[in-house]
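To start, the structure itself, in structure tokens.
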Protein chains: 2
Amino acid sequence: MATTLRDIAKEAGVSICTVSRVLNNPKAIQVRDETRRRVLGAAQRLSYRPNIMARGLVKKRTNLIGVVVPSLTNSFLSETVQGIQDIAEELSCSVLLYTHRYNPAKEAEYLQVLRDKGVDGIIWMPMFESNIPLALELEKEIPIVQIHTAFKSLTSPYVTAEHEKGAYLATEHLIKLGHHRVAHFGLSDDIHGKLRHLGYMRALTEYQIPYDPQLVFEAGYDWHNGYAAAQELLKLPADLRPTAVFCCGDMTAWGAVESFKKAGLAVPEEMAVVGFDDLAIAAWMEVPLTTIALPKADTGRVAMAKLDEKIRTGETESVCLDVRLVIRESSQSSRVSNMLSQVQTG
Amino acid sequence: MATTLRDIAKEAGVSICTVSRVLNNPKAIQVRDETRRRVLGAAQRLSYRPNIMARGLVKKRTNLIGVVVPSLTNSFLSETVQGIQDIAEELSCSVLLYTHRYNPAKEAEYLQVLRDKGVDGIIWMPMFESNIPLALELEKEIPIVQIHTAFKSLTSPYVTAEHEKGAYLATEHLIKLGHHRVAHFGLSDDIHGKLRHLGYMRALTEYQIPYDPQLVFEAGYDWHNGYAAAQELLKLPADLRPTAVFCCGDMTAWGAVESFKKAGLAVPEEMAVVGFDDLAIAAWMEVPLTTIALPKADTGRVAMAKLDEKIRTGETESVCLDVRLVIRESSQSSRVSNMLSQVQTG
DNA sequence: TTGAAAGCGCTAACAG
DNA sequence: CTGTTAGCGCTTTCAA
């Protein structure tokens, strides 16, 4: 059986409460040195470890936070979770992790389970509007921070990123490279997809390039989606074919690149491709991928810090983190990029 | 404030203990129907949710398990964790996740924290021998299941996979394809690396191919390692150059393939490549990668099931899960593979 | 069929 | 400086 305060008290010949005092106030003033030494010695000898549940029961604080995300089999989210963990550790707080795999009922269930477990707070990537009522209920009882996306009808703070701006930067980059027919592979029924599409549109507008709906292809975030969309694109008559495509994600872009290569199109010479996310693979592709770097781990880190603030002070601000255009070779030949970098450094 | 048993008791006009009885024994015999109804009604009305910590305190059971792995930014491990979660959910048990990022001190710390938190059991991917003494101590107090690799000096059961056999199958596959000079990119100071190297050696021996140390290159599991090892390999004089290489991981293989392509070598025609792991990317590469499929999610699922068994019965067996050769195009041209499949189906 | 009472291990006033 | 007391929310004998 684990040793308890009582055991130490007996061993040290003091009261339980004195033991508690010694153990909790690292530099306590209110304990005689001699006593302190005895207690510490006994604790050491009996290799005492506090019972977190008992402590939690009385302090109403578990040092446990819950995380609810759709999945981990997605390097994007796993990096975010990693970021959460990093800060959680600094705050010596543990992470209870739940992945609902895009199942609305599970998302709801996990949120509730987390509340029941008595976690101090929840970091949540909201996916289903159907769970808004539940979330409204929960956020009254427990601090919540939304990540990556946010239901604005909740009062809980969020940590997101400039998706729209990222899409704008990506598209602008292609336009500045001289492309006039820029396609977009993306999703129209998804929050991030919509924002990225919006950024794409804004760039076209600002650079006075007419919007051609034929150049927008529905495609999700998987490799296969990109591959398929590229196949569709290649069916366009030669004179309508775009010379560049902005993809909603790096995996999509990768699939597209493979598809283009298979069709005999050189990337970037005959088809420039830009992705979104800046996953590790972007740098490893045969033609390294130009993309938009999203704050993956940072989102997690900031969210955890905000949650902590919210738990302690009851308040915290939302933030929208910045994104960055990462220029590699899939959008331009290295000759061009060398010229560009000379211009920049010159 | 959350509603407690006391609130319900008052609302229903019964004792706290009766409430507890009703709520815990779904089909209890020992409560009058009328009473049961009143209690259930009150619980409903007050939207009661049990306080897990209080319950845990008295039952000495938290329905919490701990998972300690090196990292999540690794699709291999994130799939395993996903597998653990799947079964954990069925057992309605939550997962406390810790990633130590290959830091021995943290691994030790997390293991202890987990014990302190009062988790019912731990699933652990052991990484550092320096933590064996601690583990020996811990396994006396709390059920532990090792995954992916195992310290045999612990009595804790493990769930691993046939790495040696996988390496054997990969190498054998290349040999059967007619390759006589098969290189190996791998790690010599890592458990999995050693096993894979062993399997490679065994295949050579069984097929009476002399072992040439010049063909073994030290390379870790990252893309860059494969890329670098391939560069080294290409420095060999033409007559010594191997025609095939078995890599210790899919990322390594990917890096190698890119390196070969950049050097003008066609894969698989001039250089056959086989990986290990069967990550999602293996199927997406320009030349889909032949590889060894490891039970990633299954390892997690089985481990969680075993841990549960161990928690409940005190005993459970170790297992070594099987692996599978997945033949794609990086090891053989599609003509050959077509011929092969005809042979198989004919 | 129900309730009273003890206690899980810990913290936190309040006295001494 | 230290001990006494009460209680967190729940389960669980043991009686009634």
Side-chain angles (χ1 to χ4, degrees), chain A residues 1-43 46-64 115-120 141-142, chain B residues 1-43 46-64 115-120 141-142:
Chain A
M1 210 52 245
T3 57
T4 69
L5 285 192
R6 165 138 78 235
D7 302 329
I8 301 183
K10 199 182 303 174
E11 170 94 4
V14 298
S15 82
I16 290 183
C17 127
T18 302
V19 179
S20 171
R21 257 192 219 106
V22 173
L23 263 26
N24 289 312
N25 307 33
K27 291 278 170 232
I29 20 265
Q30 37 180 356
V31 177
R32 212 175 51 199
D33 251 28
E34 152 71 11
T35 315
R36 148 179 305 276
R37 213 174 358 255
R38 279 223 308 285
V39 170
L40 254 24
L46 274 46
S47 66
Y48 171 76
R49 318 230 109 222
N51 179 320
I52 307 285
M53 284 189 304
R55 177 181 292 170
L57 186 56
V58 37
K59 305 239 295 189
K60 268 126 181 37
R61 194 86 152 51
T62 51
N63 266 36
L64 224 56
R115 186 253 314 266
D116 297 352
K117 292 270 177 192
V119 296
D120 295 337
E141 302 179 27
I142 178 176
Chain B
M1 207 52 245
T3 58
T4 70
L5 285 192
R6 166 142 74 238
D7 302 329
I8 302 183
K10 200 182 302 173
E11 171 91 4
V14 297
S15 81
I16 291 183
C17 123
T18 301
V19 178
S20 171
R21 259 191 218 107
V22 173
L23 264 26
N24 288 312
N25 308 31
K27 291 280 170 229
I29 21 259
Q30 37 181 354
V31 178
R32 213 175 50 200
D33 250 30
E34 154 70 13
T35 315
R36 148 179 306 276
R37 211 171 3 253
R38 278 223 308 284
V39 171
L40 255 24
L46 274 48
S47 64
Y48 170 76
R49 317 230 110 222
N51 178 320
I52 309 281
M53 284 190 304
R55 177 181 292 171
L57 185 57
V58 38
K59 303 239 294 190
K60 270 128 181 36
R61 194 80 155 56
T62 51
N63 266 33
L64 224 56
R115 187 254 311 269
D116 297 351
K117 292 270 176 192
V119 296
D120 296 337
E141 301 179 29
I142 179 177

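A note on names: the letters A, B, ... follow the listed sequences, proteins ahead of strands, and every chain is numbered from 1.
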When you compare the side chain of [Y] with that of [X], does any pair of heavy atoms fall below 4.5 Å?
X: B:Val14; Y: B:Val22; value: no
X: B:Asn63; Y: A:Lys117; value: yes
X: A:Val19; Y: A:Tyr48; value: no
X: A:Leu64; Y: A:Asp120; value: no

What integer distance in Å separates [X]:[atom1] from [N]:[atom2]?
X: A:Asn51; N: D:dC8; atom1: CG; atom2: C1'; answer: 13 Å
X: B:Arg32; N: C:dT1; atom1: CZ; atom2: P; answer: 9 Å
X: B:Arg61; N: D:dC10; atom1: CZ; atom2: P; answer: 19 Å
X: B:Lys10; N: D:dG9; atom1: NZ; atom2: P; answer: 12 Å
X: A:Arg6; N: C:dC10; atom1: CZ; atom2: C1'; answer: 11 Å
X: B:Leu57; N: D:dT11; atom1: CG; atom2: P; answer: 11 Å

Summarise how protein sits on nucleotides 11-16 of chain C as a single string, 5' to 3': B when a protein heavy atom is under 4.0 Å from the base, S for sugar-phosphate-only contact, - for no contact. BBBB--

N/O (side chain, [X]) to phosphate O (OP1/OP2, [N]) under 4.0 Å:
X: B:Lys60; N: D:dT11; value: no
X: A:Ser15; N: D:dT2; value: no
X: B:Thr18; N: C:dT2; value: no
X: B:Thr35; N: C:dT1; value: no

Provide the closest heavy-atom pair for A:Ala12 versus A:Arg38 in the form atom of the first, atom of the second, distance.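 In terms of heavy atoms, the two residues are closest at O-NE, 2.9 Å.
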
By side-chain contact (heavy atoms from CB on, under 4.5 Å) - contacts of A:Leu57 (at least two apart):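 So A:Leu57 forms a side-chain contact (heavy atoms from CB on, under 4.5 Å) with B:Asn51, B:Ala54, B:Leu57.
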
Describe, as an angle rounded to 10 degrees, how the axis at the first end of the helix from C:dT1-D:dA16 to C:dG16-D:dC1 is tilted relative to the axis at the last end, five pairs per end.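 Nearest ten degrees gives 40° for this helix.
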
